[in-house]
Amino acid sequence: MPVQQICTVVSMEQLDADTWWMVLEVGKLVFKHGLRGGQFLHVKCGDDQLLRRPISVARTQWDEPEDTAALIFEVRGEGTRWLSQRKIGDKLDVLGPLGNGFDVLDGGRYLLVGGGIGVPPLIEYGESPRWSQVAVLGFRTKDKAFPSIVSRFQENCERTYLCTDDGTLGRHGFVDGQMREVLEKDNDFTAILACGPKPMLKNVANVAAEFGIPCQVSMEERMGCGVGACLVCATAMKDGAMKHVCKNGPVFHAEEVDWDA
Amino acid sequence: MPEKKTPHPEAGGIIASAATTLALFEDSSVNMSVDLAGVVLKNPVVAASGTFGFGREYGQFFDLSELGGICCKGLTLHAREGNPAPRIAETPMGILNSVGLQNPGVDAFIKHELPFLRQYDVKVIANISGNTPEEYGEMCEKLSAAGVDMIEVNISCPNVKAGGLTYGTRPKLAAEVTEMAKSHASVPVMVKLSPNVTDIIEIAKAVADAGADALSLINTLRGMRIDVNTHRPILKMNTGGLSGPAVLPVAVRMVWEVASAVKLPILGMGGVSKGEDAAQLMLAGASAVAVGTALFANPYAPLKVRDALASITAKQGLDSVSQLTGGVKPW
């Protein structure tokens with residue numbers, strides 16, 4: 001159940017011109033309320049922004065006196081710009097935990113597929129010793145493949161494949177090509193967990209279907225209340241129904257999503 | 001990681017302050033109950049339709065019995081999936097939405113949502129939209145039988161093609177829908193007016209003459225926002241309804257105009273996020289106020305508004321919040 005929590009910024013690292021790694025003290029949101037990676041916090045970004053900003057949780061930690069949560073975000077507008085200007089010790093008004101996160105089982109084996117700013121919400125899934133994992137991570141260019149993020153996968157996953165759109169690092173091309181190559185040799189996965197832009201997710205869903213592997217995708221949509229009341233963050237399902245990213249998602253089963261909507 | 005500190009006094013601060021203000025409110029000698037067309041609300045603050053679902057989500061944050069009433073998400077006779085996304089755009093001190101009346105339909109509401117709301121000591125106001133006057137009638141009959149406290153007839157949704165705004169901008173059609181609703185409802189009928197008209201008084205009078213028990217205003221103002229890089233409107237439907245603090249002065253003006261022209265109780269709304277905003281609407285002539293968009297920034301906004309309204313009333317030496325209604329002294 002979500003609560004309103006006043007959080008404290010305990011670390012703030014700038015990864016490049018517009019990407020930030022922020023760690024918050026979040027009260028007992030992890031221990032008591034079950035906050036985990038892949039869910040989001042709805043963050044009030046100053047008094048000038050009427051709407052909160054949904055920011056995905058990259059990783060969480062039980063701690064004393066307060067648990068912590070890491071948010072890795074890009075500056076995309078006024079709200080996230082305000083957020084990027086916070087300093088250690090500043091307070092943030094957040095709602096959370098919100099959204100579902102990926103559905104994973106202890107002892108499973110997962111293929112993690114992330115693109116760009118869709119990589120951070122997979123960090124906790126890439127780090128967990130409770131299941132095994134292979135990662136395919138895609139970035140626009142080498143400079144966007146931040147070592148502090150990529151290394152967390154490399155240290156924990158059986159294998160971590162990198163691709164870039166411009167060929168400056170790893171395989172030249174998109175994640176679905178790399179993913180297909182992986183699956184052609186090794187398709188013993190409990191599920192594919194994917195996060196990234198919708199066109200990427202669509203391609204990932206197609207490859208997953210081809211190999212008959214269940215696939216979960218984390219979707220994005222412009223959000224209002226963040227709790228499921230205002231119904232603005234609608235995403236179309238194959239059966240014609242509208243589901244809501246904040247309440248029913250952000251993670252959906254790939255086969256239920258209408259990819260042509 | 002920096003060294004760990006003792007928990008901040010502010011941790012969970014807003015929740016704590018909601019509890020503190022609640023205590024103040026209970027201590028206050030101000031009578032907060034108001035009468036809206038015979039429906040007695042324990043306080044004048046109502047959750048605005050379309051921002052509060054059917055109460056379940058914000059019910060996770062506070063006891064719904066704290067509210068005077070809940071205007072439920074707009075219902076139609078049959079389920080609707082609504083408009084494609086994006087359905088929201090932020091604007092200066094406001095938001096545009098184009099949800100398009102996504103809802104499970106009136107029967108599903110009665111079966112699955114109303115019993116949940118009935119667990120709380122709060123007035124339940126069902127909001128309805130129809131494609132034809134007959135649909136409004138049918139919904140009024142079902143909802144009255146199901147035991148809602150009041151029906152808010154939406155003739156002003158800017159986000160649907162059929163019915164909706166068309167009814168709300170033509171006095172004759174507005175009257176026809178009102179008559180149909182009245183003749184099928186056994187609970188008070190409140191008609192929700194659109195601000196997207198040249199003369200709101202003309203519509204208000206037509207609706208009053210047709211037998212409405214109360215009026216609610218304002219619905220959202222039609223607006224548009226364009227992404228200058230892509231030249232595309234942010235909303236997939238191009239235009240949407242503007243709400244939030246930006247519309248408050250329009251709401252105050254329209255409530256004042258309507259209250260001056262028509263002798264019906266008014267539920268005032270439009271951009272209320274503070275007690276002072278609510279007090280303005282009441283002074284302009286509203287008997288109660290709805291809080292909507294402010295919820296998205298602060299889930300406790302309705303309680304904050306209620307408590308601030310109580311303290312404004314007390315400070316002005318009034319016994320009852322209802323004494324604010326219509327108290328404006330125009331120049």
Side-chain angles (χ1 to χ4, degrees), chain A residues 1-11 23 25-28 42 44-45 47-53 61 63-66 68 77-79 88-89 91 93 95 98 219-237 239-247 261, chain B residues 1-2 4-8 10-16 18 47 50-58 60-61 73 79-95 97-103 234-236 240 243-246 273 292-300:
Chain A
M1 211 163 83
V3 295
Q4 185 174 35
Q5 179 73 39
I6 303 302
C7 299
T8 310
V9 179
V10 290
S11 102
V23 180
E25 277 186 347
V26 294
K28 288 289 151 196
H42 215 21
K44 182 95 181 85
C45 293
D47 290 333
D48 295 340
Q49 311 300 322
L50 221 51
L51 295 175
R52 290 168 179 267
R53 298 296 186 267
Q61 209 170 309
D63 212 336
E64 291 297 335
E66 294 193 30
T68 60
E78 288 310 309
I88 290 171
K91 300 287 191 288
D93 166 0
L95 304 181
L98 292 167
M219 311 280 287
E220 238 188 359
E221 193 48 71
R222 280 178 185 263
M223 217 174 259
C225 69
V227 300
C230 77
L231 309 184
V232 305
C233 56
T235 194
M237 299 291 116
D239 65 1
M242 285 288 194
K243 285 198 173 178
H244 296 95
V245 171
C246 72
K247 191 178 180 177
Chain B
M1 295 278 288
K4 291 282 177 183
K5 301 166 290 277
T6 49
H8 301 277
E10 292 92 334
I14 292 195
I15 298 165
T51 62
F52 206 74
F54 302 112
R56 291 182 191 272
E57 293 78 18
Y58 287 107
Q60 299 174 104
F61 291 92
K73 171 66 189 168
R80 282 176 60 97
E81 293 300 339
N83 293 331
R87 293 176 171 185
I88 190 165
E90 207 170 18
T91 60
M93 292 314 280
I95 59 168
N97 87 81
S98 68
V99 171
L101 289 178
Q102 180 178 0
N103 80 96
I234 305 281
L235 298 175
K236 197 64 176 269
S243 62
S273 57
T293 303
L295 280 158
F296 304 165
N298 178 6
Y300 298 95

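Within every chain, numbering begins at 1; the chains are lettered A, B, ... in the order of the sequence lines, protein sequences first and strands thereafter. Keep in mind that this is a model prediction, so the values were computed, not measured.
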Practice problem: Go through A/Arg53 and B/Glu90 one step at a time and tell me if the salt bridge (charged side-chain N to carboxylate O under 4.0 Å, His left out) criterion holds. | Solution: CA-CA 11 Å; A/Arg53 298 296 186 267; B/Glu90 207 170 18; 2.7 Å; yes
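Between A/Val227 and B/Glu57 the shortest heavy-atom distance is O-CG, 3.0 Å. Across A/Glu25 and A/Val10, no two heavy atoms sit closer than the pair CG-CG1, 3.4 Å.
At a 4.5 Å heavy-atom cutoff, the contact between A/Gln49 and chain B is made by backbone and side-chain atoms alike. For chain B, the nearby parts of A/Ala234 are the backbone and the side chain; heavy atoms of each come within less than 4.5 Å. The contact between B/Pro299 and chain A is made entirely by side chain atoms (from C-beta outward), counting heavy-atom distances below 4.5 Å. With a 4.5 angstrom heavy-atom cutoff, B/Ile88 touches chain A via backbone and side-chain atoms both.
Each of B/Met93, B/Lys73, B/Glu81 has some count of heavy-atom pairs under 4.5 Å with chain A, and the biggest count is that of B/Glu81. Chain B forms more heavy-atom pairs under 4.5 Å with one residue of A/Gly226, A/Cys233, A/Cys230 than with any other, namely A/Cys230. Per-residue heavy-atom pair counts under 4.5 Å with chain B were compared for A/Ala261, A/Cys7, A/Ala241, and the maximum is reached by A/Ala241. Highest contact tally toward chain B, considering only A/Ala229, A/Gly27, A/Ala236, A/Gly240, is held by A/Ala229 [criterion: heavy-atom pairs under 4.5 Å].
Between A/Gln4 and A/Asp93, some side-chain heavy-atom pair lies under the 4.5 Å cut-off. A 4.5 Å side-chain heavy-atom check between B/Phe296 and B/Thr51 finds at least one atom pair inside the cut-off.
Ring pair B/Tyr58/B/Phe52 is parallel by interplanar angle, where below 30° counts as parallel and above 60° as perpendicular.
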